[in-house]
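Let me begin by presenting the structure, written as structure tokens, before commenting on it.
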Amino acid sequence: MKNENKAMQGEFADSRSAQRVDGRRTFLRHSAALTAGLVAGEAAAQSATGNLPPNVPAWMKGEGGALSDGVYGLPSPFEKNVVRRGRGDQVMPGSGSAMTPLQSSRGMITPNGLVFERSHAGIPRIDPAQHRLMVHGMVRQPMIFTMDDLMRLPSVSRIHFLECSGNGSREWRTPFAKSVQVSHGLLSCCEWTGVALSTIFEEAGVQAGAEWVLAEGADASAMTRSLPMAKALEDAMLVYAQNGEALRPENGYPLRLFLPGFEGNMSIKWLRRLKVGAEPFMSREETSKYTDSLPDGTARLFTFSMDAKSVITYPAPDHKLAQRGFYEISGLAWTGNGRIRRVDVSTDGGRNWREAALQEPVLSRALTRFRLPWQWDGKPAVLQSRALDESGYVQPTRSQLVAQRGMNSNYHYNAIQSWAVAASGEISNVHA
Ligand SMILES: Nc1nc2c(c(=O)[nH]1)N[C@H]1C(S)=C(S)[C@@H](COP(=O)(O)O)O[C@H]1N2
Ligand SMILES: [Mo]
């Protein structure tokens, strides 16, 4: 394994474009082999319809279906398995999560129908004409905004990831998930549009000594969290649109708070109230919940920022490698600390690392797609990715994280993920 890696490093040493050309040549050889396989095997089965070359396929022989006039477009029915899936272990009705299918994700943007959901008391059905945002507390002028008021204000659009701090929490103890959707799917990345929170506070006027803001949601959980005024003025947004259309009901329609790079639970959905104060408000969701148990028995409050993390989304346990040869290892990296600076990939469980290519644009507090060409020799391998961000923070190994944080925590698990490739091509989740 080690020798093979050295050989690969040599082969790919010259430049990244040399890697590409070499990988491409091998890949094309495989395509030719695949076609030969099809002609011999599957083609026989499909010859009844005769859709394969050199025949003219059935769908070219008559006009197609109706156009989408007056209809909201949906993916091809052949993509029907690409859906969010829930954890199904929540005891309270309405409380649960449905995860993004990262195993099928391409690029950096999560389409609206696949953005993960995490809700504590179901999805309220809110008429935007009846929704209000109240701003009060330590402000010069308490205010109530309608949705129309908010949409008249100057707007901003930014691309950012959103990650639940409970993402991957079960991986602390055992390599639990059998899918990258379950291990990392409380994660998405959208273009968010709305009003800078600083604009709202300019309107209302913040009093001296006002250091904190309480945000409250209009769902039955009345979810409340405190955020520092510094974050409110830095880059917090009141969001009414995602990926070019109104927020989806499950993601906070008609209005949510969005805090770039902060743990997902602080981005309060269905936002109805902002109260400005001098101290944190110590709500249930920042005292009883969303605190980090440490090895010495104490708990850490207010872990706002999500540290650097990455995961290989292809190949993952959702996939099986059909044969040896060329594969493009691909995955996602992100950090609440700003931009991703580098992602390294190992195919031998962390002994040797190679630098992956980062897809532009690499944006602050957004998902970043990385890719690395790989020749699989058909032998067992352990795939890992390690992210490094512009603050210098390096994603920890699992043992480094456990040494620091112990085994009793549930939030902010960001260890390096290992996928074991067996000689059979099956892929499994392991602690390496
Ligand atoms: N009002 C309200 N806001 C909420 C929640 C909630 O249950 N109610 N869940 C929080 C949690 S735990 C997360 S991770 C994010 C999830 O956002 P999403 O469902 O749009 O992905 O919303 C946060 N905001
Ligand atoms: Mo969350």
Side-chain angles (χ1 to χ4, degrees), residues 108-110 112 115-118 126 128 131-137 139 143-165 187-206 210-219 223-276 304-306 334-339 361 363-367:
M108 69 191 285
I109 298 290
T110 314
N112 288 338
V115 170
F116 84 93
E117 301 170 47
R118 167 74 181 105
I126 300 178
H131 188 72
R132 297 289 183 274
L133 173 69
M134 181 164 77
V135 180
H136 66 134
V139 289
M143 295 181 86
I144 291 177
F145 295 87
T146 65
M147 286 307 298
D148 285 345
D149 293 338
L150 293 171
M151 287 180 182
R152 280 181 60 190
L153 292 172
S155 57
V156 285
S157 296
R158 296 205 211 99
I159 297 174
H160 290 300
F161 76 83
L162 181 70
E163 184 186 20
C164 175
S165 54
L187 172 73
S188 48
C189 183
C190 298
E191 183 208 51
W192 305 98
T193 297
V195 183
L197 188 45
S198 57
T199 305
I200 300 293
F201 285 142
E202 273 163 35
E203 294 281 298
V206 173
E211 296 290 335
W212 290 82
V213 182
L214 181 78
E216 181 184 73
D219 54 337
M223 179 125 181
T224 38
R225 284 281 336 235
S226 308
L227 64 132
M229 181 58 85
K231 180 68 174 177
L233 299 181
E234 184 203 340
D235 63 354
M237 296 170 75
L238 299 182
V239 161
Y240 45 72
Q242 62 186 121
N243 294 331
E245 61 179 1
L247 283 173
R248 291 289 169 91
E250 60 271 34
N251 303 117
Y253 182 86
L255 186 71
R256 83 177 300 167
L257 180 63
F258 191 88
L259 303 178
F262 274 24
E263 54 179 6
N265 66 74
M266 299 182 70
S267 285
I268 297 295
K269 301 191 279 190
W270 313 295
L271 185 71
R272 71 178 290 267
R273 188 164 74 95
L274 293 169
K275 184 177 184 184
V276 178
F304 295 138
S305 193
M306 303 304 291
W334 63 100
T335 174
N337 302 328
R339 283 179 184 75
L363 300 176
S364 182
R365 296 166 175 165
L367 293 187

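Side chain of Gln242 to backbone of Arg248: a donor-acceptor contact under 3.5 angstrom is found. Remark: the backbone N or O of Asn251 is paired with a side-chain donor or acceptor of Arg256 at under 3.5 angstrom. Judged by distance alone, with hydrogens and angles left aside, the side-chain atoms of Arg158 form no donor-acceptor pair with the main-chain N or O of Met237 at under 3.5 Å. Side chain of Thr110 to backbone of Cys190: no donor-acceptor contact under 3.5 angstrom is found. With hydrogens and angles ignored, the 3.5 Å screen pairs no side-chain donor or acceptor of His160 with any backbone N or O of Leu363. Panel note: side chain His131, backbone Leu271; a donor-acceptor pair is recorded below 3.5 Å. The main-chain N or O of Val156 is never found under 3.5 Å from a side-chain atom of Trp192 such that the two would form a donor-acceptor pair. Lys269 places a side-chain N or O within donor-acceptor distance of the main-chain N or O of Glu250, the cut-off being under 3.5 Å.
Across all their heavy atoms, Ala204 and Val139 have their closest contact at O-CB, 3.9 Å. Nearest heavy atom pair, residue Thr193 against residue Ser157, reads OG1-OG, 2.7 Å. Shortest non-hydrogen contact noted between Phe161 and Gly261 is CZ-CA, 4.0 Å. Shown here for Ser188 and Val115, the closest heavy-atom pair between the two residues is OG-CG1, 3.4 Å. Smallest separation of non-hydrogen atoms from Phe201 and Ala232: CE1-CB, 3.8 Å. Smallest separation of non-hydrogen atoms from Tyr240 and Pro254: CB-O, 3.5 Å.
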Go through the steps for Leu238 and Phe145 under the test side-chain contact (heavy atoms from CB on, under 4.5 Å), then give the verdict. CA-CA 12 Å; Leu238 299 182; Phe145 295 87; over 6 Å; no
Should Leu197 and Leu274 be marked as a side-chain contact (heavy atoms from CB on, under 4.5 Å) after you check the CA-CA gap, both sets of side-chain angles, and the distance that decides it? CA-CA 10 Å; Leu197 188 45; Leu274 293 169; 3.6 Å; yes
One pair to check against side-chain contact (heavy atoms from CB on, under 4.5 Å): Leu187 and Trp334. What are the steps and the verdict? CA-CA 10 Å; Leu187 172 73; Trp334 63 100; 3.5 Å; yes
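Here the CE atom belonging to Met147 is positioned 10.5 Å from the CZ atom belonging to Arg132, to the nearest 0.5 angstrom. Interatomic distance, CD of Glu263 versus CZ of Arg225, reported as 5.0 Å (0.5 Å rounding). A distance of 5.0 Å separates CD1 of Ile200 from CG of Leu150, quoted to the nearest 0.5 Å. Separation of atoms CD1 (Ile126) and CG (Leu255) is listed at 9.0 Å; rounding is to 0.5 Å. Interatomic distance, Arg365 CZ to Arg339 CZ, rounded to the nearest 0.5 Å: 10.0 Å. Separation of atoms CE (Met108) and CG (Leu367) is listed at 6.5 Å; rounding is to 0.5 Å.
For the pair Arg273/Leu214, a side-chain contact is recorded, criterion being any heavy-atom separation below 4.5 Å from C-beta on. In this structure, the side chains of Leu162 and Phe258 come closer than 4.5 Å at one or more pairs of heavy atoms.
For Lys231 and Phe262, the positive end sits near the middle of the six-membered ring, less than 6.0 Å away and at most 45° from its axis.
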